[in-house]
Amino acid sequence: MATDSASDGPAARKTILKTLEFDTRLLGMIGAFVVVCLVFNVLTDGRFLTPRNIFNLTIQTVSVAIMATGMVFVIVTRHIDLSVGSLLATCSAMMAITQTQFLPALGLDFGNPLIAPIAIIVGLATGALIGALHGWLIGYLSIPAFIVTLGGLLVWRNVAWYLTSGQTIGPLDDTFQLLGGIGGTVGTTGSWIIGLLAVAAAFIAIVQARRAKIRHEFPVKPLWAEGALMAVSAALIFGFVATLNAYEIPVRVLRRSFEARGETMPQGFTEAYGVPFSVLLLIAVAVVMTLVARRTRLGRYIFATGGNPDAAELSGINTRLLTVKVFTLMGVLCALAALVASARLSFHSNDIGTLDELRVIAAAVIGGTALAGGIGTIYGAILGALIMQSLQSGMAMVGVDAPFQNIVVGSVLVIAVLVDIIYRKRTGEL
Amino acid sequence: MAARTDTPLVEMRDVSVAFGGVKAVDHVSIDLYPGEVVGLLGHNGAGKSTLIKCLSGANKMDTGEILINGEKVEIHNPRDARRYNIETIYQTLALADNLDAASNLFLGRELITATGLMDDSRMEAETRKVMGRLNANFKKFKSPVKALSGGQRQSVAIARAVYFDARILIMDEPTAALGPEETRMVAELIEELKAQGIGIFLIEHDIHSVMDLCDRASVMKNGKLVGTVNVADVTDEDILGMIILGKTPAPAS
């Protein structure tokens, strides 16, 4: 049996893609993303694929992408969460008033290094508590998730309003703002180091997966295929770092920062942004969530429950508690997204996160998460968020009128799901 | 069948289950000895599935008690049942269609590495071993089980029950969806498990399977136990009479 290959069909023709064991669906989504980018690049006379725009696109995607990873778990377990935008607003409000009102009242002045961590912990706790409450109402009291989170959409939006009396709260703590995007980047050298570490991690992961297969005498890919996989991942990682490192800080911004330190800027001095902290946060979230989905019992139970809730129950899985866990995780991710979103604005505004629930659900669904449950990937949801954001900002750059922008995004959502259904029928997944 | 004096493996005493006003199971007592196959028979809605689900932890009983090896036990959920080495093969198979064979086999009891992560390759290796014993033709280890045939899915469900050292096995119409070849395979497996001293409750509609496989048969009708007979002492006509008319044959115990 060990000699039998990993392919299922008795006479499966081995194409190059099959040998590489690439995910064809992932390739399709990357293809769609590349097409979107190239089309906008032509329409904007090359302004779309500049380091500057790619940088902006990346930091604009982070908040929605973070929540979309959690939405994958929610939808996989056959639930929905309509409240994420409002939850984001409440978490953002809690973090904003913690750092501008509560902590200063306790004697921690502006600029105190404890302000940012305490505010973040308060935000995360708020998200976790509200998420757990949603999960308890859905799992233990059997109220449909649609209703609980529809109520939550109204409740938490207005709790945020009440907490802040509808006012904009800012400026936020300087350390806190580092996670907003352009305000906090690791610089060129740091970015290359991170890139190197990422490539090393990818290589180790590939080697270990191969070793585990050999240890159990499972069929393995030919060595050249593993090598190609390593080369592609290294190229992607270094390409991404190089692009972000190519976006140079404008001269006037640099000159101002030198002046602030009482120095004069040397002639011809340049510096680039590199990878933003918020993007590192998103990457960390993506890695952790992928690990949870694929390698932990929690992830296995999430997918099993989505595939067949009765079977999960009969296998001894506590599906009610699982619902609480999934929504708690969603709440924590909303808090992280709130951190990034408010830090990017440098203040909390009353309308922060409005309509984010729809963007997040759309990102997850465009990324291949099936509303029937049981199917979905973390990388898909992040790619989905990136595709949505590219469409939106690309159209804005081209100068498409606002109503048409939303008409296009809405249509793309429906068409993407249709394409996914056709793809699944062809491959027999449905 | 001579060892009737020792303690039964399972004893369900005076079990009642009501749904709303309907008594689905009405004061029924059954028992099972090691190395024995007891058939549970009756029409649809006679209450046999409801009764047996109390043992597998999927249903709660209103009254009655369960004894395992003579000791009273509390079974409130499937996890409790698994703790007493009670394994169930459900008629619906209870498989998560989107997961592969190994994930289903170990569902709820995943093997983990020292780091706390799941050990997928070890689970797949174990699955290959047990499937090699049960159904040597099984090759689709990487596909989600929804891509498998009825017989292959059945093998996964059976593998899950036998892999974890079951001492008490509940099979709810294990051959209903199977072709003749696979039915024969299940029959051989039941013989093998019996020889290992495992006690089996077999819910079955096909009277020929009952005559072939079971040592005793307990027949239910309208939630009540009609009677329990030694299969060797009666004819299939007698058993059909019990199922249809609720009539106990004269010489029955």
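Note on naming: letters A, B, ... go to the chains in the order of the sequence lines (proteins, then strands), and numbering restarts at 1 for each one. Keep in mind that the numbers below use all heavy atoms, side chains included, and drop hydrogens, waters and symmetry copies.
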Chain A contact via Leu95(B) - which portion, at a heavy-atom distance below 4.5 Å: backbone
Which answer fits Arg122(B), side chain, backbone, both or neither, if we ask what part of it has an atom under 4.5 Å from a heavy atom of chain A? both
Among Ala209(A), Ser315(A), Gly306(A), Gly316(A), single out the residue with the greatest number of heavy-atom pairs under 4.5 Å to chain B. Ser315(A)
In this structure, CG of Asn308(A) is separated from CG of Leu93(B) (nearest 0.5 Å) by 10.0 Å
With only heavy atoms counted, which part of Tyr301(A) is less than 4.5 Å from chain B, the side chain, the backbone, both or neither? side chain
Please report the closest heavy-atom contact between Ala96(B) and Ala311(A), naming both atoms and the distance. N-CB, 4.1 Å
Side chain to side chain donor-acceptor pair (under 3.5 Å) between Ser121(B) and Arg215(A): does it pass, once the steps are laid out? CA-CA 9 Å; Ser121(B) 27; Arg215(A) 196 167 55 238; 4.9 Å; no
What part of Tyr90(B) is in contact with chain A, defined as an atom under 4.5 angstrom from a non-hydrogen atom: side chain, backbone, both or neither? side chain
Chain A: which of Leu99(B), Asp97(B), Thr115(B) shares the most heavy-atom pairs with it under 4.5 Å? Leu99(B)
Tell me if a side-chain donor or acceptor on Arg297(A) pairs with a main-chain N or O of Glu110(B) at a distance below 3.5 Å. yes
Using a cut-off of 6.0 Å, state whether more than 12 heavy atoms not belonging to Glu188(B) lie near its atom CD. yes
Top contributor to chain A interface from Thr88(B), Thr113(B), Leu117(B) [non-hydrogen pairs under 4.5 Å]: Leu117(B)
Under 4.5 Å, counting heavy-atom pairs only, tell me which of Leu314(A), Asn318(A), Thr296(A) racks up the most with chain B. Leu314(A)
Atom pair CZ (Arg300(A)) and CG (Leu107(B)), whose distance is rounded to the nearest 0.5 Å: 8.0 Å
If you draw a 6.0 Å radius around CZ in Phe146(A), do more than 12 non-hydrogen atoms from other residues or ligands fall strictly inside? no
Could you tell me whether the side chain of Arg79(B) reaches within less than 4.5 Å of the side chain of Ile317(A), counting heavy atoms only? no
Quick test of your reading of the model: are Asp119(B) and Arg295(A) salt-bridged, counting only N-O distances below 4.0 Å? no
